[in-house]
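Each remark here refers to the structure printed beneath this line.
Only heavy atoms go into these numbers, but all of them, side chains included; no hydrogens, no water, no symmetry mates. So you know, we letter chains A, B, ... as the sequences are listed, proteins then strands, and number each from 1.
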Amino acid sequence: MARPRVHIKELPPLEKAESGVVMRFAPNPSGPLHLGHARAAVLNDAYVRRYGGRYVLRIEDTDPKRVDPEAYRMVQEDIGWLGLNITDIVYQSDRFDLYYKYGRELIERGGAYVCTCDNEMFRELKQAKTACPCRSAEIEDNLESWEKMLGGEFYEGSASVRVRTDLDHPDPAMRDYPAFRILNSPPHPRIEATVYPLMNFSVAVDDHLLGITHVIRGKDHIANTRRQRYIFDYFGWDVPVYRHYGRMGIEGVVLSTSQMREGIRSGVYHGWDDIRLGTLRAFARRGIKPEAVRDAVMDIGVGDTDISFSWENLYAQNKNIIDPVSNRYFFVPDPVMVHISDAPRQVAHPLLHPGQDDKGTRTLPFNESVLVPSSEIKDAGTMIRLKDLFNIMIESAGNQPQAVFTGDSLAEARASKAQIIQWLPVENAIPCRLLTQEGDLEGVCEPGVMKEEGNVVQFERVGFARIDAVKPEGIIAYFSHR
RNA sequence: GCUGCUAUAGUGUAGUCCGGCCAAUCAUGUCGGCCUUUCACGCCGACGACUGGGGUUCGAAUCCCCAUAGCAGCACCA
């Protein structure tokens, strides 16, 4: 039995963490959390738990084009599900005055300038390592332009604030990147603004102001880390310790919020919790436990190699968790009724959980006929054992299969290598639809399943499933994995 | 095109910093067996990898160079 043996690998130690850490999880509220978010969230969480300190949830809603008002709620729900040890919550949209203040100061320090160049033109100049005309403006003029920006005198796209870096930098990504932009639409759901900070600016300011000591994030941020460094240096701030893990995909699934949204819009997916998606709410619906996600993510660790995550690994972790606690039931897909002659009426009492007798038994009365998976009825002459009942021999396979009772000796069934299969009394079969990633399975299950709404059960010989809904017309279950 | 990161079995991962104890760890998977009234769990066993080529060295998964492959960035996204 069944002690989950989860030996979770230890993460590599963090530098300068001995006296505690302040870390952050900083999602963009564009949709619910998915496995990619979970990796960042769990790794940071694990380090905060290990070293002690604060764990800041920072909602990065500085791009109104990518804010879904619903997501504020969904992100919180998903974090609750994951069980993160969040200690502080901040919304970047509450902090625009701060960004303006530090933006102005950066200009005063000569670390940034207002640029009114055409985008395309700037891009070309940048590639050629050439300064744009705005770069040489006096600080006073820049401040004046900055005030005009804040005053609404520039229209969207006609002015931005750029950080003065190094035009000769070999990496074009470093050269004078933008810190603020103007956006006249769409409106931000939480605030009124037209001057928006860009991620590299707001993140640098907030990491400093919030006292973030360590940042664990994907390597797609490596360039951003270097860009943010310029801002830290202009202000003379200490930089956090960074660690960038590799890119992660999961086989057969898109982890892009925008693509998922499009799939939902076009009707490919039913919603954010469609079981074919890699969102945490889809996992939850399928009976995948947050602990399994944590374990799987911790196993992957903080390596900087790009990986293709396999469902197998997640399922294995989940099975460790759910197997010991999932009650067993019979589910008969595509049932066919078999009449059994010469069989004594009796009542079967299969265990709710093998090896855990104290959990009790189910009650399945037998009377003349049973429902079994049609795929199990093959040729006449086949010996089958109905699990926890008795042995039968198929006499005719056709549309109305007939069988004959051949005794209840388990030893006999084993000796003749009979399949031991699940079955249901005809009078006690509840309609049940099992939804899988590959499609739906119609069948019937035990009445006892009606008490398991919201729980994960194991359908014997089929696999684990979460009982999603118990309705008058039947049961809806979502397949977890084998 | 420019810049950077990475490369261990089907998948994930340890080892790489400080070369020898690595004929390479653990998990998962697959196969075989045991246990078992589930094709679950558990137990036993097997399978399976240092991207390629040079170099340094008595000795390289580990250091250096080249190649190849993958990824990321070069957005008025995060």
For nucleotides 44-51 of chain B, 5' to 3', base contacts (B), sugar-phosphate-only contacts (S) and non-contacts (-) with protein non-hydrogen atoms under 4.0 Å give --------

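- Using a 4.5 Å heavy-atom cutoff, the side chains of A:C115 and A:R135 are not in contact.
- Without hydrogens or angle criteria, A:S30 side chain to A:D68 main chain gives no donor-acceptor distance under 3.5 Å.
- When side chains are defined from C-beta on, A:Y102 does not count as touching A:D206, because their heavy atoms never get closer than 4.5 Å.
- By the 4.5 Å heavy-atom criterion applied to side chains, A:W311 and A:H481 are not counted as neighbours.
- Between the C1' atoms of B:rG15 and B:rC22, the separation comes to 8 Å (whole Å).
- Nucleotides B:rA27 and B:rA9, compared at atom C1', are 13 Å apart to the nearest Å.
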For nucleotides 34-38 of chain B, tabulate all protein N/O to nucleotide N/O atom pairs closer than 3.5 Å, reporting atom names and distance.
unit_1	atom_1	unit_2	atom_2	d
B:rU37	O2'	A:K387	NZ	3.2
B:rU37	O2	A:R385	NE	3.2
B:rU37	O2	A:D388	N	2.4
B:rU37	N3	A:R385	NH2	2.8
B:rU37	N3	A:D388	N	3.3
B:rU37	O4	A:R385	NH2	3.2
B:rU38	O4'	A:E460	OE1	3.4
B:rU38	N1	A:E460	OE1	3.4
B:rU38	O2	A:R461	N	3.1
B:rU38	N3	A:Q458	OE1	2.8
B:rU38	O4	A:R328	NE	2.8
B:rU38	O4	A:R328	NH2	3.1

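- By the 4.5 Å heavy-atom criterion applied to side chains, A:V253 and A:R276 are not counted as neighbours.
- Nucleic acid contact for A:T62: sugar-phosphate only, since backbone atoms but no base atoms lie under 4.0 Å from a heavy atom of the residue.
- The separation between A:K417 atom NZ and B:rG33 atom C1' is 13 Å, rounded to whole Å.
- Between A:R265 and A:E262 there is a salt bridge, since at least one side-chain N of the basic residue sits less than 4.0 Å from a carboxylate O of the acidic one.
- In this structure, A:S310 does not reach the B:rG29 phosphate: none of its side-chain N or O atoms is under 4.0 Å from OP1 or OP2.
- Distances shorter than 4.0 Å separate some side-chain N or O of A:N119 from OP1 or OP2 on B:rC76.
- B:rA75 atom P lies 16 Å from atom CZ of A:R66, rounded to whole Å.
- Ring orientation note: the planes of A:F201 and A:F180 are tilted relative to one another, at an angle of 30° to 60°.
- Ring planes of A:Y72 and A:Y91: tilted class, angle from 30 to 60°.
- Taking the side chain of A:K319 as heavy atoms from C-beta on, and the options B:rA40, B:rA7, B:rC76, the nearest nucleotide is B:rA40.
- Summarising the geometry, the separation between CZ on A:R243 and P on B:rC5 is reported as 15 Å, rounded to the nearest angstrom.
- If you measure from atom CG of A:D299 to atom C1' of B:rG29, you get 14 Å, rounded to the nearest angstrom.
- No engagement by A:S160 is indicated, since no non-hydrogen atom pair under 4.0 Å with the nucleic acid exists.
- Rounded to whole Å, the distance from NE2 on A:H244 to P on B:rU3 is 20 Å.
- Taking the side chain as every heavy atom from C-beta outward, A:W272 and A:M260 approach each other to under 4.5 Å.
- Residue A:N313 is in base contact, counting any heavy-atom pair closer than 4.0 Å across all strands shown.
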Can you name the atoms? Protein N/O to nucleotides 15-17 of chain B N/O, anything below 3.5 Å, with the distance.
none

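- On the C1' atoms, B:rC26 is 25 Å away from B:rC35, given to the nearest whole Å.
- Comparing B:rG48 with B:rG1, their C1' atoms sit 41 Å apart, to the nearest whole Å.
- Going from atom CG of A:L314 over to atom C1' of B:rA27 covers 14 Å, rounded to whole Å.
- For the pair A:D306 and A:K219, the minimum side-chain heavy-atom distance is below 4.5 Å.
- One can place OH of A:Y177 at 21 Å from P of B:rU3, the figure rounded to the nearest angstrom.
- Judged by distance alone, with hydrogens and angles left aside, the side-chain atoms of A:R50 form a donor-acceptor pair with the main-chain N or O of A:L11 at under 3.5 Å.
- Using a 4.0 Å heavy-atom cutoff across all strands shown, A:G157 reaches at least one base atom of the nucleic acid.
- Here the separation of B:rC64 from B:rA40, taken at their P atoms, is 47 Å to the nearest Å.
- In the interface, the side chain of A:E312 is not paired with the base of B:rG12 through any donor and acceptor atom under 3.5 Å apart.
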Please write out the pairs of protein N or O atoms and N or O atoms of nucleotides 69-73 of chain B separated by less than 3.5 Å, giving the distance to one decimal.
unit_1	atom_1	unit_2	atom_2	d
B:rC71	O4'	A:D306	OD2	2.9
B:rC71	O3'	A:R247	NE	3.3
B:rC71	O2'	A:D306	OD2	3.4
B:rA72	OP1	A:R247	NH1	3.3
B:rG73	N2	A:D171	OD1	3.3

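- One P atom belongs to B:rA14, the other to B:rC74, and the distance between them is 28 Å to the nearest Å.
- Among the heavy atoms of the strands lying under 4.0 Å from A:S308 are primed sugar atoms or P, OP1, OP2 only; no base atom is included.
- Within the 4.5 Å cutoff, the side chain of A:Y242 has no heavy atoms near those of the A:H221 side chain.
- Using a 4.0 Å cut-off between charged side-chain N and carboxylate O, A:D207 and A:R58 make a salt bridge.
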Go ahead and write out RNA chain B as dot-bracket, 5' to 3': ( ) for pairs within the strand, [ ] for ones crossing earlier pairs, | when the partner sits on another strand, dots for unpaired; Watson-Crick or G-U wobble, both distances under 3.5 Å.
-> (((((((..(((.......[.....)))((((((.......))))))...(((((..]....))))))))))))....

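- Annotation: B:rA24 and B:rU36 have their C1' atoms spaced 36 Å apart (nearest Å).
- Residue pairs meeting the salt bridge (Lys or Arg N to Asp or Glu O under 4.0 Å) criterion with at least one partner in residues 348-360 of chain A, sequence neighbours excluded, are absent.
- Looking at the side chain of A:R123, the nearest of the listed nucleotides B:rU3, B:rA75, B:rA78 is B:rA75.
- Donor-acceptor pairing under 3.5 Å is recorded for the side chains of A:D176 and A:Y113.
- Within the cation-pi definition used here (under 6.0 Å to the ring centroid, within 45° of the axis), A:R39 does not qualify as a partner of A:F309.
- When the C1' atom is compared between B:rC63 and B:rG59, the two are found 13 Å apart, to the nearest whole Å.
- Residue A:E251 places its CD atom among more than 12 non-hydrogen atoms of other residues, nucleotides or ligands, all under 6.0 Å distant.
- Contact annotation for A:Q92: no contact, since no heavy-atom pair falls under 4.0 Å across all strands.
- Among B:rC76, B:rA78, B:rC74, the nucleotide with an atom closest to any side-chain atom of A:R162 is B:rC76.
- Judged by distance alone, with hydrogens and angles left aside, the side-chain atoms of A:N327 form no donor-acceptor pair with the main-chain N or O of A:V457 at under 3.5 Å.
- Where A:F464 and A:L183 each meet RNA chain B at their nearest nucleotide, the meeting point lying more 5' is that of A:F464.
- Here the P atom of nucleotide B:rG29 and the CZ atom of A:F309 are 13 Å apart, to the nearest Å.
- Comparing A:Q422 and A:H169 by the nucleotide of RNA chain B that holds the closest heavy atom to each, the one mapping nearer the 5' end is A:H169.
- Here the side chains of A:R95 and A:L209 are in contact, with some heavy-atom distance below 4.5 Å.
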